[in-house]
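Chain A is the first sequence line, chain B the second, and so forth, proteins listed ahead of strands; every chain is numbered from 1. When reading the values below, keep in mind they use all heavy atoms of this one structure, side chains included, and skip hydrogens, waters and symmetry mates.
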Number of protein chains: 2
Amino acid sequence: MNAGVSSARTPVLAVSTVIFTLRPDASGEMRLALPLVRRIRAPHQGKWALPGAPLKSNEDLQAAAGSALLATTGLEPRYLEQLYAFGQVDRSPDRVVSIVYWALIGSDETAGAIESENVQWFFADEVPELAFDHNLIIEYALWRLRSKIEYSRVALGFLGDTFTLAQLREVYEVVLGKRLDPGNFRRMVESANIVEPTGERLEGTRHRPPQLYRYNASQDLTDPDPLTLRTTSTRPNARDLGAAS
Amino acid sequence: MNAGVSSARTPVLAVSTVIFTLRPDASGEMRLALPLVRRIRAPHQGKWALPGAPLKSNEDLQAAAGSALLATTGLEPRYLEQLYAFGQVDRSPDRVVSIVYWALIGSDETAGAIESENVQWFFADEVPELAFDHNLIIEYALWRLRSKIEYSRVALGFLGDTFTLAQLREVYEVVLGKRLDPGNFRRMVESANIVEPTGERLEGTRHRPPQLYRYNASQDLTDPDPLTLRTTSTRPNARDLGAAS
DNA sequence: CACGGTAAAAGTCAGAATGACTATAAGTGA
DNA sequence: TCACTTATAGTCATTCTGACTTTTACCGTG
């Protein structure tokens with residue numbers, strides 16, 4: 001059961017990516033959106049699906065997800081995190097195990113994105129019926145995003161290098177689907193120490209100019225991918241794995 | 001790049017499981033422990049490794065993890081959760097992507113476990129140098145266990161059907177590595193409503209007999225595997241996926 | 001150049017949750 | 001009956017949270 005078996009009988013590996021951004025709808029409201037690509041071959045030919053590709057044997061999982069995403073959508077997020085490995089036997093006519101990543105990207109970073117008849121943005125609550133189990137995957141990615149935004153700094157993935165607290169708050173509001181008190185939000189953000197003021201202010205507003213903030217890289221409390229465990233301060237004992245010591 | 005390619009060039013899929021239990025050390029202290037199996041073939045022949053097996057094409061991932069675990073260790077946990085998919089190109093001489101599950105099991109449920117020269121229990125903080133990247137995997141599983149025990153009811157995975165609050169507290173103490181105040185712990189557990197008294201008391205203690213508790217199945221607030229999303233009440237909109245509606 | 005509108009930023013306050021601690025109850029073995 | 005042990009209940013000060021008010025600083029308009 002090891003060598004020379006036809007690859008048809010052995011499970012095939014693919015990688016896909018769910019990548020969210022914030023974009024305004026017709027009425028100007030910001031909403032969660034993600035790109036989908038149309039399948040150009042069977043199975044599920046013509047249906048929309050997540051961007052992805054089969055895994056090549058010389059590529060790391062995350063690199064494969066990133067380059068498949070770039071090739072099909074033109075998007076290049078700074079941050080890509082593993083979501084889940086989907087491997088139900090019946091999720092595809094052939095046996096395909098999909099390792100799915102998820103990412104966030106700022107609205108302005110979607111400028112160079114490919115958009116065509118076969119690559120389009122959909123609002124997260126208006127996703128059509130997709131190929132395979134991709135609707136389920138998106139549901140799960142949304143759940144992860146919503147639960148993770150509360151205890152980590154993923155929200156910054158939607159923003160550029162500098163931003164105002166109002167912009168950061170809007171991200172939370174859109175993701176969580178509820179309004180937040182500006183004062184309490186400020187207090188929370190400041191005590192969590194996840195951002196720091198740049199000293200600059202945003203000009204050209206019709207009112208008092210807000211302070212600009214940037215990501216505070218000094219300590220990162222996000223739960224890490226296991227592959228980055230070795231560099232994270234959250235884990236006290238890096239022990240034998242890799243590095244010196 | 002699709003049909004008839006030798007399976008040697010295409011990534012191979014395997015499943016492994018990290019399964020923790022609590023067992024007393026020489027001095028009687030409870031400590032986290034997990035079973036490892038000795039590799040009987042190259043690569044890394046003779047080294048200890050996580051129990052696992054190659055994925056068969058007609059098996060779901062979780063079922064594969066469960067049956068590999070049962071076959072090599074004799075253990076059958078009630079609960080098995082996906083941990084992470086490890087797929088670095090250089091983690092093995094051949095290209096192997098491992099989908100790793102993790103589980104907990106009660107001390108008394110480890111009775112029927114296989115133990116031999118090639119299958120043994122190790123304390124979590126005394127794991128030797130393992131094959132492949134399995135040390136890293138265990139580190140990560142430990143991190144997950146510790147962070148998850150605080151906001152979910154995974155602790156119950158270490159216990160039997162009924163238990164006292166002192167036993168439940170001990171699980172927390174061992175996993176978190178610190179002592180907890182009995183009164184405050186009781187208050188926390190009771191307000192969280194995760195367990196309910198059976199009405200029975202544990203007899204034969206040398207002191208006041210403690211109330212026995214059981215798991216309160218009425219509401220489950222654990223974050224779900226995506227595959228169980230459809231049945232979970234945490235997600236409001238089950239939408240199209242599966243089921244009636 | 002005062003004025004009204006707007007959002008930033010700071011401050012207030014009551015109730016909930018948390019950690020440290022004390023007191024009492026109910027068993028056992030001696 | 002007593003000494004001992006742990007279950008269980010209760011207290012109290014501190015911190016955290018959500019709802020709300022006040023003040024500040026800019027804009028555009030008349």
Per His207(B) side chain, nearest of listed nucleotides dA10(C), dT6(D), dA9(C): dT6(D)
Check against side-chain contact (heavy atoms from CB on, under 4.5 Å), Thr72(A) and Ile114(A): CA-CA 8 Å; Thr72(A) 52; Ile114(A) 297 167; over 6 Å; no
Arg214(B) with Glu196(B): basic N within carboxylate O range, under 4.0 Å: yes
Length of the CD-P vector between Glu190(B) and dA17(C), whole Å: 15 Å
Between dG19(C) (P) and Phe185(B) (CZ): distance, integer Å: 13 Å
Residue met sooner reading DNA chain C from 5', once Arg201(A) and Arg206(A) are mapped to nucleotides: Arg206(A)
Per Arg187(B) side chain, nearest of listed nucleotides dA7(D), dA20(C), dA25(D): dA20(C)
Pair of N/O donor and acceptor under 3.5 Å linking dA7(D) base with Arg208(B) side chain: yes
Length of the line joining Arg186(A):CZ and dT21(D):P, which is rounded to integer Å: 19 Å
Lys/Arg-Asp/Glu bridge criterion (N-O < 4.0 Å) met for Arg78(A), Asp161(A): yes
Which nucleotide in dA20(C), dG18(D), dA8(C) has an atom nearest any side-chain atom of Asn184(B): dA20(C)
Any side-chain heavy-atom pair of Leu202(B) and Pro209(B) under 4.5 Å: no
Asp181(A) or Pro209(A), whichever maps to the more 5' nucleotide of DNA chain D: Asp181(A)
